[in-house]
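Just the heavy atoms: all of them, side chains too, but no hydrogens, waters or symmetry mates, feed the values below.
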Amino acid sequence: VQLQASGGGLVQAGGSLRLSCASSRNILTLKASGWYRQGSGNQRELVATISPGNQIKYSDSAKGRFTISRDVAKNMVNLQMNSLKPEDAGVYYCYAHFGVDYWGQGTLVTVSS
């Protein structure tokens, strides 16, 4: 599975960004897909995931501000991020699970205060 992430950039606090992840595989065949964030530390933390059955999980920080969605026709998983805060900044990685974990190349999100 190859994942191509896009949509990062610089935004002011309170602004919005939309991340997109294109999958080389039919996303409905993936056990899970979604987004993780790597901040100043080395650990990647879950932001949001979605299953083929449309079960969605958000981090506590993302709830109410971020929305994960799928475009099945395009095999894409999107993350709409609203009301961004400086602490949302980091490298966002697209993720998929199909037997093993797959990761996209990461896209940088910078939030200025």
Side-chain angles (χ1 to χ4, degrees):
V1 179
Q2 293 182 325
L3 303 171
Q4 181 70 40
S6 62
L10 171 64
V11 65
Q12 287 187 329
S16 299
L17 281 175
R18 183 178 177 84
L19 305 183
S20 294
C21 176
S23 168
S24 63
R25 188 175 181 88
N26 185 333
I27 60 173
L28 293 180
T29 67
L30 301 172
K31 187 173 182 179
S33 55
W35 295 90
Y36 280 69
R37 185 186 75 90
Q38 185 169 331
S40 56
N42 289 327
Q43 189 172 0
R44 293 181 187 180
E45 54 188 27
L46 180 146
V47 177
T49 58
I50 186 169
S51 72
N54 219 33
Q55 292 176 311
I56 293 174
K57 181 177 181 179
Y58 292 106
S59 67
D60 288 341
S61 176
K63 287 178 184 176
R65 299 187 298 126
F66 296 2
T67 302
I68 190 170
S69 62
R70 296 177 304 190
D71 186 333
V72 176
K74 296 181 179 179
N75 287 322
M76 295 185 73
V77 179
N78 303 310
L79 184 68
Q80 178 66 40
M81 305 189 294
N82 298 328
S83 302
L84 282 161
K85 305 175 182 179
E87 53 263 42
D88 295 320
V91 180
Y92 282 70
Y93 291 91
C94 181
Y95 157 84
H97 184 82
F98 185 73
V100 297
D101 292 340
Y102 293 89
W103 298 94
Q105 84 281 15
T107 184
L108 179 63
V109 172
T110 304
V111 184
S112 63
S113 57

Only one of Tyr93, Tyr102, Trp103 clears ring pair (Phe, Tyr, Trp, His ring centres under 6.0 Å) with Tyr36; which? Trp103

Can you list everything that forms a ring-ring contact (aromatic ring centres under 6.0 Å, His included) with Tyr92? Sequence neighbours excluded, please. none

Quick check on the hydrophobic clustering: are Val72 and Tyr95 connected, directly or via other members, by side-chain heavy-atom contacts under 4.5 Å? no

ring-ring contact (aromatic ring centres under 6.0 Å, His included) against Tyr58, all qualifying residues, sequence neighbours excluded: none

Beyond-backbone contact of Val1 with Ser23, side-chain heavy atoms, under 4.5 angstrom: yes

Glu87: what forms a salt bridge (Lys or Arg N to Asp or Glu O under 4.0 Å) with it, not counting sequence neighbours? none

Could you measure the distance from the CD atom of Glu45 to the OG atom of Ser61? Nearest 0.5 Å is fine. 7.5 Å

Under 6.0 Å between ring centres, would you say that holds for Phe66 and Trp35? no

Sidechain N-carboxylate O distance under 4.0 Å for Asp60, Lys63: yes

Correct closest heavy-atom pair for Leu3 and Cys94 would be CD1-O, 3.7 Å

Residues passing the side chain to side chain contact (heavy atoms under 4.5 Å, CB included) test with Arg18, sequence neighbours excluded, are Ser69, Asn78, Gln80

Residue pair Leu17 / Leu84: nearest heavy atoms and the distance that separates them: N-CD1, 3.8 Å

Would you please name every residue forming a side chain to side chain contact (heavy atoms under 4.5 Å, CB included) with Lys31, sequence neighbours left out? His97

Keeping the roles fixed (side chain from Thr110, backbone from Leu10), state whether a donor-acceptor pair exists under 3.5 Å. no

Does Ile56 share a hydrophobic cluster with Met81, counting links as ILVMFWY side-chain heavy atoms below 4.5 Å and allowing steps through other members? yes

Establish whether Leu19 and Val77 are linked, either directly or via other cluster members, by ILVMFWY side-chain heavy-atom contacts under 4.5 Å. yes

Exam field: side chain Asn75 to backbone Ile27, donor-acceptor pair closer than 3.5 Å: yes

Under 4.5 Å between side-chain heavy atoms, counting indirect links through other Ile/Leu/Val/Met/Phe/Trp/Tyr residues: same cluster for Leu108 and Val111 or not? no

Decide whether Val11 and Val47 are clustered together by the hydrophobic rule: side chain heavy atoms of Ile, Leu, Val, Met, Phe, Trp, Tyr closer than 4.5 Å, transitively. yes

Could you tell me whether the side chain of Gln4 and the main chain of Gly104 form a donor-acceptor pair under 3.5 Å? no

Checking Ser24 side chain against Gln2 main chain: does a donor-acceptor pair fall under 3.5 Å? yes

Main-chain N/O of Ser83 paired to Arg65 side chain as donor or acceptor, under 3.5 Å: yes

Using every non-hydrogen atom in the two residues, find where Arg25 and Thr29 come nearest and quote the distance to one decimal. NE-OG1, 2.9 Å

With sequence neighbours left out, write down each residue that passes side chain to side chain contact (heavy atoms under 4.5 Å, CB included) with Pro52, or none if nothing qualifies. Arg70

Arg37 (side chain) donor-acceptor with Ala89 (main chain) under 3.5 angstrom: yes

